[in-house]
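Note that the numbering runs from 1 along the sequence shown for the chain.
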Amino acid sequence: MKIEGFELRRVGMPLVSPFRTSFGTQTERDVLLVKAVTDAGEGWGECVTGADPLYSSEYVESTVDVMRRFLIPALAQTPDAGRVATDLHPFKGHRMAKAALEMAVLDAELRAEGRSFARELGGVHDSVPCGVSVGIMDSVPQLLDAVARYLAQGYVRIKLKIEPGWDVEVVRAVRERFGDEVLLQVDANTAYTLRDARHLAKLDAFDLLLIEQPLDEDDVLGHADLAKVVKTPICLDESIVSAQSAAAAIRLGATSVINIKPGRVGGYLEARRIHDVATAAGVPVWCGGMIESGIGRAANIALASLPGFTLPGDVSASDRFYTTDITPPFVMAGGHLPVPAAPGLGVAPVPEILDELTTWVEWMPV
Ligand code: OSB
Ligand code: MG
């Protein structure tokens, strides 16, 4: 295969409601799509960078710049998707940018070969259970209403975003209203320090599946210390950026569950490696989300169908975040989403919707 270049495209997708986390509030996603153009056909990738460097150091403008200046020109001789990461390895960091390029090349390759993402990655299920990530709200009654709606829609697991001042009492209220049977977990997005250990241990009373990324992303050792004080399993998100860092965090006792996000770790192929490393160590994994459009969602569902993904992911239906998705919408049935089976991602943007939401396009040859 010969890669000719990539079409980069920014798409403005308004969220159905503001999504607040400990690092900020989002009302719209500035989605960066990349379309790989090769002599074997085209493929789509979605870059999960946010508009601002609040979740990770990458942000949309930085991603466009590093792709144009360094990453895309480095793919002039790249023969297949399996070589993309190797050819981009000399450039430090920028994993979300690298992941999007690899995803687009992989989609082009798999479409040409008639194989699906799920089959390529090693999926073993034809549908996956859906969890939902619920943002921080202005009041507890407002949160309880939102959780009630998601449960009524069939979501099989609830994740509450937490931060200091919106944690123990909120979890208590959700447990009191919805009972002990609901699968429940929390995500702090690095909002605490080790000095909060005793406070976080109060969450042990509520039988949570896990606490996600309570401490700073660099504080792997802190998480290992915290795990000695808190009984609820610690799950790392931001701290895990590769199979190597996953192996180290597991060995240190810093994480007993892993949230795998392909963008954060440099791509779906590295994501599969983390799945393999974790599974070999007896560590369960689940698929995280970055408010993807249908493009990223399709690939996440495929990844979530691998055998080690034994916890429900942040793999929600299109209408969780968007009134209009750029692909045909993913609709949940019985708390599950079907794993796309058609070649490549199994979905593509609807041209009219894509055009309407596009804010910027640039062709970048290799
Ligand atoms: O930490 O998991 C996170 C969204 C943006 C950035 C970080 C996170 C999230 C979510 C949303 O929790 C997950 C989703 O896409 O459903
Ligand atoms: Mg998280």
Does atom [atom1] ([X]) have a neighbourhood of more than 12 heavy atoms from anything else shown, all under 6.0 Å?
X: R177; atom1: CZ; answer: yes
X: H199; atom1: NE2; answer: yes
X: R69; atom1: CZ; answer: no
X: E28; atom1: CD; answer: yes
X: Y59; atom1: OH; answer: no
X: D80; atom1: CG; answer: yes
X: K231; atom1: NZ; answer: no

Transitively linked via ILVMFWY side-chain contacts under 4.5 Å: [X] with [Y]?
X: V60; Y: F19; value: no
X: L345; Y: F6; value: no
X: L143; Y: L15; value: yes
X: L209; Y: L226; value: no
X: V132; Y: I260; value: yes

Euclidean distance, [Y] [atom2] relative to [X] [atom1], rounded to 0.5 Å:
X: C47; Y: L101; atom1: SG; atom2: CG; result: 8.0 Å
X: L354; Y: K35; atom1: CG; atom2: NZ; result: 8.5 Å
X: E102; Y: L71; atom1: CD; atom2: CG; result: 12.0 Å
X: E46; Y: M103; atom1: CD; atom2: CE; result: 6.5 Å
X: M67; Y: F91; atom1: CE; atom2: CZ; result: 13.0 Å
X: M137; Y: W166; atom1: CE; atom2: CH2; result: 7.5 Å

If we only count heavy atoms from C-beta on, is the [X] to [Y] side-chain gap below 4.5 Å?
X: N259; Y: I240; value: no
X: W360; Y: V64; value: yes
X: P164; Y: Y192; value: yes
X: L184; Y: F178; value: no
X: I162; Y: D187; value: no
X: I211; Y: P214; value: yes
X: V230; Y: L203; value: no
X: E113; Y: R111; value: no

For the residue pair [X] and [Y], confirm or rule out a side-chain donor-acceptor distance under 3.5 Å.
X: D87; Y: T78; answer: yes
X: N300; Y: E292; answer: yes
X: T190; Y: D216; answer: no
X: Y55; Y: D237; answer: yes

Compare every heavy atom of [Y] with every heavy atom of [X], then report the nearest pair and how far apart it is.
X: G294; Y: D325; value: N-OD1, 2.9 Å
X: L269; Y: G82; value: CD1-CA, 4.2 Å
X: T63; Y: L32; value: CG2-CD2, 3.6 Å
X: V37; Y: E42; value: CG2-OE2, 4.2 Å
X: A246; Y: I274; value: CB-CG2, 3.9 Å
X: L210; Y: C235; value: CD1-CB, 3.7 Å

Side chain [X], main chain [Y], donor-acceptor under 3.5 Å:
X: S116; Y: R119; answer: yes
X: T193; Y: R195; answer: yes
X: T255; Y: V257; answer: yes
X: H275; Y: A271; answer: no
X: K2; Y: A40; answer: no
X: D204; Y: T232; answer: yes
X: S318; Y: F330; answer: yes
X: E58; Y: M96; answer: yes
X: S22; Y: A188; answer: yes
X: T359; Y: R10; answer: yes

Please evaluate residues L8 and W363 with respect to the criterion side-chain contact (heavy atoms from CB on, under 4.5 Å), reporting the C-alpha separation (whole Å), side-chain torsions for both, the decisive distance (0.1 Å), and the verdict. CA-CA 6 Å; L8 271 62; W363 167 249; over 6 Å; no
Verdict with supporting geometry, R20 and D138, side-chain contact (heavy atoms from CB on, under 4.5 Å): CA-CA 10 Å; R20 180 172 157 202; D138 293 336; 4.2 Å; yes
Using the rule given for side-chain contact (heavy atoms from CB on, under 4.5 Å), can you reason through R273 versus S242, listing the C-alpha separation, both sets of side-chain angles and the distance that settles it, and then say yes or no? CA-CA 8 Å; R273 264 176 236 125; S242 61; over 6 Å; no
Electrostatic pair [X]:[Y] at N-O distance under 4.0 angstrom:
X: E212; Y: K161; result: no
X: D225; Y: K228; result: yes
X: R272; Y: E270; result: no
X: D355; Y: R9; result: yes

Verify side-chain contact (heavy atoms from CB on, under 4.5 Å) between S293 and M13, making sure each step is shown before the conclusion. CA-CA 8 Å; S293 77; M13 296 180 69; 3.8 Å; yes
S239: which of E217, R264, Q213 passes side-chain hydrogen bond (donor to acceptor under 3.5 Å, both in side chains):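 Among E217, R264, Q213, the one that satisfies the side-chain hydrogen bond (donor to acceptor under 3.5 Å, both in side chains) with S239 is Q213.
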Report the C-alpha distance between E181 and R175 in whole Å, list the side-chain angles of each, state the deciding distance to 0.1 Å, and finish with yes or no for salt bridge (Lys or Arg N to Asp or Glu O under 4.0 Å). CA-CA 9 Å; E181 298 301 302; R175 272 283 181 242; over 6 Å; no
Assess whether salt bridge (Lys or Arg N to Asp or Glu O under 4.0 Å) is satisfied between D314 and R157, documenting all intermediate values. CA-CA 9 Å; D314 282 343; R157 185 226 71 194; 2.4 Å; yes
